Amino acid sequence: MSLRLFIFMLLGLFSSRSASAAGAGFRGPVGHNGGGLPPWWILNGVKPDGPIKDMGTWKATSFSHKQQREFGINDLGEVQDQKRFESALKMVREGKQLEDPGKDAQVPRQTPDHESSVQYE
């Protein structure tokens with residue numbers, strides 16, 4: 001084996017390890033929620049009941065206002081209220097009826113700069 005090939009293989013080994021470690025916290029569309037797993041609603045049998053959203057070059061499913069209140073999510077299913085979300089998922093997994101917080105309950109939405117703080121409409 002040539003020295004050049006050995007160095008190339010060695011660099012490839014280290015770069016793949018560091019890339020996987022660095023990507024552990026990646027929150028982008030590829031690899032989102034654990035390396036390509038389906039979104040939480042598919043994994044838990046929750047059907048989005050909102051209208052189809054036109055995103056320009058593609059269309060997205062969305063969640064109804066009732067689902068947003070129940071799960072503490074925004075219209076695209078992104079978690080905004082972790083405590084409410086975990087509680088609702090626990091009820092779904094146990095086969096229990098979700099409690100609608102009521103039409104007067106605030107619907108969480110992400111802040112414009114996508115910070116972790118939650119604002120309510």
Side-chain angles (χ1 to χ4, degrees):
M1 178 181 334
S2 72
L3 180 59
R4 182 184 244 172
L5 178 60
F6 176 75
I7 292 172
F8 179 78
M9 290 173 51
L10 189 60
L11 288 174
L13 176 67
F14 287 116
S15 65
S16 65
R17 284 186 180 171
S18 62
S20 63
F26 180 70
R27 304 285 304 183
V30 177
H32 183 68
N33 287 335
L37 291 176
W40 66 266
W41 58 90
I42 292 175
L43 293 173
N44 293 283
V46 176
K47 182 179 181 276
D49 286 334
I52 299 296
K53 283 187 77 167
D54 187 348
M55 306 300 277
T57 59
W58 58 284
K59 298 191 185 312
T61 188
S62 71
F63 289 84
S64 68
H65 285 286
K66 179 181 176 193
Q67 288 175 315
Q68 292 176 51
R69 290 189 307 267
E70 290 171 340
F71 287 98
I73 58 174
N74 64 13
D75 61 337
L76 296 177
E78 298 166 331
V79 178
Q80 306 297 304
D81 185 335
Q82 191 68 36
K83 189 174 181 179
R84 190 184 305 182
F85 177 75
E86 289 172 2
S87 174
L89 271 190
K90 182 179 178 188
M91 292 181 75
V92 166
R93 290 177 183 146
E94 292 173 354
K96 296 180 181 175
Q97 184 70 27
L98 288 176
E99 298 173 18
D100 185 357
K103 292 186 180 192
D104 295 331
Q106 296 172 327
V107 177
R109 64 177 172 81
Q110 221 168 4
T111 57
D113 58 357
H114 300 289
E115 292 294 323
S116 59
S117 63
V118 175
Q119 291 183 348
Y120 291 90
E121 296 178 331

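In this text the structure is predicted, and so the values were computed from the model without any measurement.
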> What are the two closest heavy atoms between Met91 and Gln97, and how far apart are they?
Replying inline: CE-O, 2.9 Å
> Distance-only, no hydrogens or angles: does the Asn74 side chain make a donor-acceptor pair with backbone N or O of Leu76 under 3.5 Å?
Replying inline: yes
>> What's the separation between atom CG in Asp54 and atom NZ in Lys59, rounded to the nearest 0.5 Å?
In response: 4.0 Å
>> Is there a side-chain contact between Val46 and Phe71 in this structure, where contact means two heavy atoms from C-beta onward sitting under 4.5 Å apart?
In response: yes
> Would you call Asp49 and Lys66 a salt bridge, using N to O less than 4.0 angstrom?
Replying inline: no
>> For the backbone of Gly77 and the side chain of Gln67, can you confirm whether one donor and one acceptor N or O come within less than 3.5 Å of each other?
In response: no
>> To check you understand the geometry: which heavy-atom pair defines the closest contact between Pro48 and Ser62, and what is its length?
In response: CB-O, 3.2 Å
>> Tell me whether Glu70 contacts the main-chain N or O of Ala88 through its side chain, where contact means a donor paired with an acceptor under 3.5 Å.
In response: no
>> Can you tell me how the ring of Phe63 sits relative to the ring of Trp40, calling it parallel under 30°, perpendicular over 60° and tilted otherwise?
In response: parallel
>> To the closest 0.5 Å, what do you measure between CD1 (Ile73) and CD (Gln82)?
In response: 12.0 Å
>> Looking at every heavy atom in both Asn44 and Val92, which two are closest together, and how far apart are they?
In response: O-CG1, 3.5 Å
> Excluding sequence neighbours, so at least two apart, what forms side chain to side chain contact (heavy atoms under 4.5 Å, CB included) with Glu94?
Replying inline: Lys90, Lys96
